[in-house]
Amino acid sequence: MPEYSSLEKIRLDKIDALRKEGIEPFPTRAKRTHTSVEAIAVFEASEKAAPEGQPPAEVKVTLAGRIRATRPMGKLTFAHIEDGDGKIQLFFRVNELGQERVDFFNNRFDLGDFIQASGALMRTRTGEITLLVHDYRMLAKAVSPLPAAKDETLEDGTVLRHAALEDAELRARQRYADLAVNPEVRITFRKRTAILRALREFLDGHGFLEVETPILQPLYGGAAARPFVTHHNELDQDMYLRISFELYLKRLLVGNLEKVYEIGRDFRNEGVSFKHNPEFTQLEFYWAYADYLQVMELTEQMVSTVCQKVTGGMKVTYQGQELDFTPPWRRLSMRDGILEASGVDIAEHSTAKALFKAIAAKGKTPDPKATRGKLIDFLLSEFLEPTLIQPTFLYDYPRDISPLAKSMPGDPLTVERFEGYVAGFELCNAFTELNDPLDQEARFLEMGRDYADDEEEKHPMDQDYLRAMRYGMPPCGGFGMGVDRLVMFLTDKHHIREVLLFPHLRKEE
RNA sequence: GGCCGACUAGCUCAACUGGCAGAGCAAUUGACUCUUAAUCAAUCGGUUCAGGGUUCAAGUCCCUGGUCGGUCACCA
């Protein structure tokens, strides 16, 4: 049983009063002929069609929406309702309704209630298109007051929000209230959907087949991350929530599906931050007979096309700085990038020991047990990453942190891999895929050895994946992107929570 | 997980070095036939995140816990 506040008790009393009056506060059916936006458009068209100096033909509509403001003034009441499209004003007047029905609205309806209202559209003296109400009824009573937000439209047309729901926790925990009260939040999530649709359109248009692979897996892999573990009761078998799609999608290339992609949820049992949520939306595609350079080109085409479609241009403002997604993006080798940013030339230090000394000379202290690849990664995040603001492809990664990528011909320490960086953090990760089953098996063993004393990063050997690869896998390029991060860039949100409808939060006490 | 900060009415926020917990909106009542943060008058509304401590006196100081935010660590 909830503890009702004094405001809620008043509303509960109104529900009782309505029922006593024979009115159902939660009727089963509703009716509407137009949304607020449609109604306004129809009325404007009718005004345009009217001959010069003549009043427009009468436009009768039935609207439905949530009451967001009321202004009772005796024999008149003005109210604004909001629906999924926008807002429109209702005008209750004694002339049409009689005093009793005007009073009934004022006495029984509250902010947040859903109402259905029919009547004729008109313009008020101040020029606002308004529904002159001839009939109305309750569609759903709101027991709890919405966390109020009132908008004031200033003379220059800017909207000033008063008493908006701003508390980040409450907004995320009660996203329904956040959405109900903050229209720009609805816009963000509509944009998110538009981005997903645009990504699918792009890949479909390039001949990729969208597929679905298991989320519950007997073995996890394809990334270095701790998994969530669950259990199948009937089979008495532990299962993992996937940490990537990679190993399953590449099995499909063995099966002669040459271009596949999946957009779905990955789960990583790791820290939560402004760019990490335990479950996040990943896009991966695999492309037979392509290499990482072709993937690079397709990536900048895809992201810029999506940006164009969703925002109307190739440039966006992100946290006060302009990002330009126009291809081609800057290409920077790992060696050059790190040399520029830190002064350390990784090519001059071929062992972990030598590289560690070079880093120490710069006044930084990485983990002394780190492999050479991990040290390079340290240099990358410490010096280079923060400088990669405009979209940049950083390419040629150390082999020992890339167990699924193919080595550069003639350079055993380096693999054909790139990551796309934007605004100082990683957007995507791609490589020429390793398709040699013997090399792949050796890499798995290598990972197992290198990380043997670090259970968390141990890469499990996936025998079925190797079996698939032994049937022959075409040379291919593969790609993965955190879709939430792309949404962040295109909606100018600093925190991943702002682009997830229901982000991870700690249990509510 | 470490460090720093925040938490006060349904919402947004005040309250000096410890000294009677306040405002606007929302709500209730009344006035008002073109308002738009409607206005005007009156009224209601509090376990100051929770628990403990110091003190004549705690929203304020101390300790423990919670949640959120920032930051660092972790995240090949």
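Chain A is the first sequence line, chain B the second, and so forth, proteins listed ahead of strands; every chain is numbered from 1.
- For the OP1/OP2 pair of B/A37 and a distance below 4.0 Å, the side-chain nitrogens and oxygens of A/His80 include no atom meeting the criterion.
- Rounded to a whole angstrom, the distance from the P atom of B/A9 to that of B/G51 is 16 Å.
- As a whole-Å value, the separation of A/Asn95 CG from B/C34 P is 11 Å.
- B/G19: Watson-Crick or G-U partner is B/C56, with both key distances under 3.5 Å.
- The side chain of A/Arg173 sits closest to B/C68 out of B/A76, B/C68, B/C32.
- Taking atom C1' in both B/U71 and B/C16, one finds a spacing of 30 Å when rounded to whole Å.
- A salt bridge links A/Glu82 with A/Arg68: the distance from a Lys NZ or Arg NE/NH1/NH2 to an Asp or Glu carboxylate oxygen falls below 4.0 Å.
- To the nearest angstrom, C1' of B/C72 lies 13 Å from CZ of A/Phe378.
- The phosphate of B/A38 (OP1 or OP2) has a side-chain N or O of A/Arg71 nearer than 4.0 angstrom.
- Residue side chain A/Glu128 does not reach the base of B/U35 through any donor-acceptor N/O pair under 3.5 Å, judged by distance alone.
- Nucleotides B/A73 and B/G2 place their C1' atoms 8 Å apart, quoted to the nearest Å.
- Residue A/Ser402 is out of contact with every strand shown, counting any heavy-atom pair closer than 4.0 Å.
- Between the CG atom of A/Leu131 and the P atom of B/U35 there is a distance of 18 Å, given to the nearest Å.
- Comparing the P positions of B/U55 and B/U12 gives an interatomic distance of 37 Å, to the nearest angstrom.
- For the residue pair A/Tyr286 / A/Glu284, a side-chain donor-acceptor distance below 3.5 Å is found, with atom types taken as modelled.
- Only one option out of A/Asp113, A/Leu146, A/Leu90, A/Asp110 pairs with A/Ile67 in a side-chain contact (heavy atoms from CB on, under 4.5 Å); it is A/Asp113.
- Distance, A/Arg108 CZ to B/A27 P: 15 Å, rounded to whole Å.
- Look at the C1' atom in both B/U60 and B/G22: the space between them is 15 Å, to the nearest Å.
- Taking the C1' atom of each, B/A57 and B/G18 are spaced 8 Å apart, rounded to whole Å.
- Checked against B/C34, B/G70, B/A76, the side chain of A/His494 finds its nearest nucleotide in B/G70.
- A/Glu382 places its CD atom 14 Å from the C1' atom of B/U71, with the value rounded to the nearest Å.
- Per the geometry, CG belonging to A/Leu111 stands 10 Å off C1' belonging to B/C25, to the nearest Å.
- Because its NZ or CZ atom is not both nearer than 6.0 Å to the ring centre of A/Phe425 and within 45° of the ring axis, A/Arg485 does not count as a cation-pi partner of that residue.
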(message) I'd like to know whether A/Asp178 forms a side-chain hydrogen bond (donor to acceptor under 3.5 Å, both in side chains) with A/Asn182, so could you lay out the CA-CA distance, the side-chain angles of the two residues, the decisive distance to 0.1 Å, and finally the verdict.
(response) CA-CA 6 Å; A/Asp178 185 32; A/Asn182 293 322; 2.8 Å; yes

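- In the set B/C75, B/C34, B/C11, the nucleotide with an atom closest to the side chain of A/His276 is B/C75.
- Outside the 6.0 Å centre-distance limit, the rings of A/Phe393 and A/Tyr421 are not counted as a close aromatic pair.
- Taking the side chain of A/Asp377 as heavy atoms from C-beta on, and the options B/A76, B/C68, B/U33, the nearest nucleotide is B/A76.
- For A/Arg226, counting side-chain heavy atoms from C-beta on, the closest listed nucleotide (B/C34, B/C75, B/C74) is B/C74.
- Comparing B/A26, B/C34, B/U67 by their nearest atom to the side chain of A/Leu7 picks out B/A26.
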(request) Using the side-chain hydrogen bond (donor to acceptor under 3.5 Å, both in side chains) rule, take A/His276 and A/Arg268 through it: C-alpha gap first, then chi angles, then the decisive distance, then the call. (result) CA-CA 9 Å; A/His276 296 91; A/Arg268 297 188 181 175; over 6 Å; no

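- At the heavy-atom level, A/Ile10 lies under 4.0 Å from the strands shown only through sugar-phosphate atoms.
- For A/Leu146 and B/C11, the CG to P distance is 12 Å, given to the nearest whole Å.
- The residue among A/Ala79 and A/Asn429 whose nearest nucleotide of RNA chain B is located toward the 5' end is A/Ala79.
- Between A/Pro72 and A/Met122, the residue whose closest nucleotide on RNA chain B is further toward the 5' end is A/Met122.
- Checking B/C25 for Watson-Crick or G-U wobble geometry (two distances, each under 3.5 Å) identifies B/G10 as its partner.
- Only the C1' atoms considered, B/G52 is 24 Å distant from B/C4, to the nearest whole Å.
- Ranking B/A76, B/C68, B/U28 by closeness to the A/Lys14 side chain, first place goes to B/U28.
- When distances are taken from the side chain of A/Ile401 to each of B/A76, B/U33, B/U35, the shortest belongs to B/A76.
- Within the shown strands, nothing qualifies as a pairing partner of B/G46 under the Watson-Crick or G-U definition with both distances less than 3.5 Å.
- In the set B/A26, B/A76, B/G70, B/G70 carries the atom at the smallest distance from any side-chain atom of A/His495.
- Look at the P atom in both B/A41 and B/A23: the space between them is 14 Å, to the nearest Å.
- Comparing B/A26, B/A76, B/C34 by their closest approach to the side chain of A/Phe91 singles out B/C34.
- Within the structure, every side-chain polar atom (N or O) of A/Lys9 is placed at least 4.0 Å from both OP1 and OP2 of B/C44.
- Between the side chains of A/Thr414 and A/Asp396, no donor N or O sits under 3.5 Å from an acceptor N or O.
- As rounded to whole Å, 7 Å separates atom P of B/A27 from atom CG of A/Asp110.
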